[in-house]
Amino acid sequence: MAPGGAEALEQARLVVGGRRHLDAYAPDSSRRVELGPLEPALNALGALSGDEHGVVLASGDPGFFGAVRALRERGIRCTVLPATSSVQRLMARAGRSWDDVSVVSAHGRDLSAAINVCRARPAVAVLTAPKAGPAQIASGLAGWRRTMIVAEDLGGPNESVVTIDPADAAKRTWFEPNVVLCLAEVDEVPERGWMAGGEPVPPATGWALSEDEFSHRDGMITKAEVRAVALSKLAPRPGTLVWDVGAGSGSVAVECARLGAATIAIEKDEAQAVRMVTNAAGHGVDVRIEEGEAPQALRDLPKPDAIFVGGGGTEAVTACAHAGATRVVVALAALDRVGPTRETLRSAGYEVEGVQLAASRLAELPDGSSRMEAANPVVLITGRKKA
């Protein structure tokens, strides 16, 4: 128990907590409210008179993804007596520094966001919840090279810390409570950083990078100006998953990954897939590469939040329109494909807009003067579903 906890409990008129905490610490003289739904406990705490004291029992640091926020939202001011958080305990057991570790919570929210952060970032701690635990996280990591460290009942009689492959973790039943550390490289010592959770996004070097920043074949790359607009429509960010279909050199997938999204690049050309490996490594991001052609290559992929279609034709657009993404962006060079693409997205329930991008870049002539050099125009068709 945190220092000062026993004294606070002796004065408590009301004690709130989980069953195991109440059984272990609540004095017989106090009224007890067992935590399940939070609302009854908040009501009971709010009803205390000015000279009555209430105590909320919680594991670790209640100011770290804990009860303090809910109490303050109700206007209940509190003195916090923190103990070691589950993430601190996990990292201590793992013997690893953790200033680079992103920490995400699966409590009371869609688990897919936490899984997408695990897919995108090299070191992530997940505060789990019932039905959103190690097995479910592991299932979502199929196709990504990761190792999990799972800590069960930290500080309790059933404490266990296991390093395990996700394929094996998905098959096990895990003791609750637990917490998960997801790592791309178990033994890697992270570089010295300056901000907790790793380098922030968007990256300091910006986005819509020059084509020179990527390995590509004969100019076959989404131009920087087109990429800038496409990124604004795709809205890649931590917690989301983006597909790059007909990815080519993977410039869009890499840019989305640099902005914090988990990414899957689908490309049928083996040589281009090799380029994507080089481009992803060069920019320090993790892009899952699927060699194959849409729509066949899309069938077993996890549901995306956004899709960029850079190639693949009508069948690819149709498959992407029915993949469940909130946003779909299609890049077209041929004008006769604009109408069919728009109608395909509309029929799938998207609100559709489009823009033609025709950029001209400053180019230097041999005599030192300048001219404007026009790039080929591209049409971006964007479909968006209301949340």
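All residue numbers in this chain count up from 1 along the given sequence.
With R227 contributing its side chain and E225 its backbone, the two residues share no donor-acceptor pair below 3.5 Å. For N116 (side chain) and A262 (main-chain N/O), no donor-acceptor pair under 3.5 Å exists by modelled atom type. Within the 3.5 Å criterion, the main-chain N or O of W144 finds no donor-acceptor partner in the side chain of R288. Formation of a donor-acceptor pair under 3.5 Å by the R275 side chain with backbone atoms of G248 is not found in this model. Between the T240 side chain and the P236 main chain, no donor and acceptor come within less than 3.5 Å of each other. Checked by atom type and distance alone, the side chain of R96 never pairs as donor or acceptor with a backbone atom of L90 at under 3.5 Å. Under a 3.5 Å cut-off, the side chain of R119 and the backbone N or O of G140 do form a donor-acceptor pair. At least one donor-acceptor pair under 3.5 Å links the side chain of D305 to the backbone N or O of L241. Side-chain atoms of D61 come within 3.5 Å of backbone N or O of G63 as a donor-acceptor pair. E267 contributes a side-chain N or O that, together with a main-chain N or O of D269, makes up a donor-acceptor pair within less than 3.5 Å.
The pair E211-R361 meets the salt-bridge criterion, with a side-chain N (NZ, NE, NH1 or NH2) lying under 4.0 Å from an Asp/Glu carboxylate O. Taking a cutoff of 4.0 Å between a charged side-chain nitrogen and a carboxylate oxygen, R19 and D23 qualify as a salt bridge. Look at R32 and E34 and you find no salt bridge, because none of the NZ, NE, NH1 or NH2 atoms lies under 4.0 Å from a carboxylate O.
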Evaluate the criterion side chain to side chain contact (heavy atoms under 4.5 Å, CB included) for residue pair S59 and R20; output intermediate values, then yes/no. CA-CA 11 Å; S59 299; R20 66 191 181 101; 3.5 Å; yes

As a quick check of understanding, evaluate side chain to side chain contact (heavy atoms under 4.5 Å, CB included) for E199 and W194, giving each step before the final call. CA-CA 8 Å; E199 188 72 16; W194 63 278; 3.3 Å; yes

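In this structure K223 satisfies the salt bridge (charged side-chain N to carboxylate O under 4.0 Å, His left out) test with no other residue, sequence neighbours excluded.
Checking S97 against D99 by side-chain atom types alone, no donor-acceptor pair falls below 3.5 Å.
Around the CG atom of D28, the shell of radius 6.0 Å holds no more than 12 heavy atoms that belong to other residues, nucleotides or ligands. Counting non-hydrogen atoms of other residues, nucleotides and ligands closer than 6.0 Å to CZ of R69 gives a total of 12 or fewer. Other residues, nucleotides and ligands place more than 12 heavy atoms under 6.0 Å from the CZ atom of R346. Few gaps surround CZ on F65; more than 12 heavy atoms of other groups in view lie less than 6.0 Å from it. By the 6.0 Å contact criterion, CG on D300 is open, its count of non-hydrogen atoms from other residues, nucleotides or ligands being 12 or less. Atom CG of D168 is surrounded by more than 12 heavy atoms from other residues, nucleotides or ligands within 6.0 Å. Shown here is R31, whose CZ atom has no more than 12 heavy atoms of other residues, nucleotides or ligands within 6.0 Å.
Taking the six-membered ring for Trp and thresholds of 30 and 60 degrees, H283 and F214 have ring planes inclined between 30 and 60 degrees apart.
With values rounded to the nearest 0.5 angstrom, E373 atom CD is found 9.0 Å from S360 atom OG. Distance check: T263 OG1 to I266 CD1 gives 9.5 Å after rounding to the nearest 0.5 Å.
Pairs passing the salt bridge (charged side-chain N to carboxylate O under 4.0 Å, His left out) check and including a residue from residues 139-162, sequence neighbours excluded, read R93-E159, R145-E185, R146-D286.
Across L234, V252, I307, a single residue satisfies side-chain contact (heavy atoms from CB on, under 4.5 Å) together with V329, and that is L234. Evaluated for a salt bridge (Lys or Arg N to Asp or Glu O under 4.0 Å) with E353, the options K233, R384, R342 yield exactly one hit, K233.
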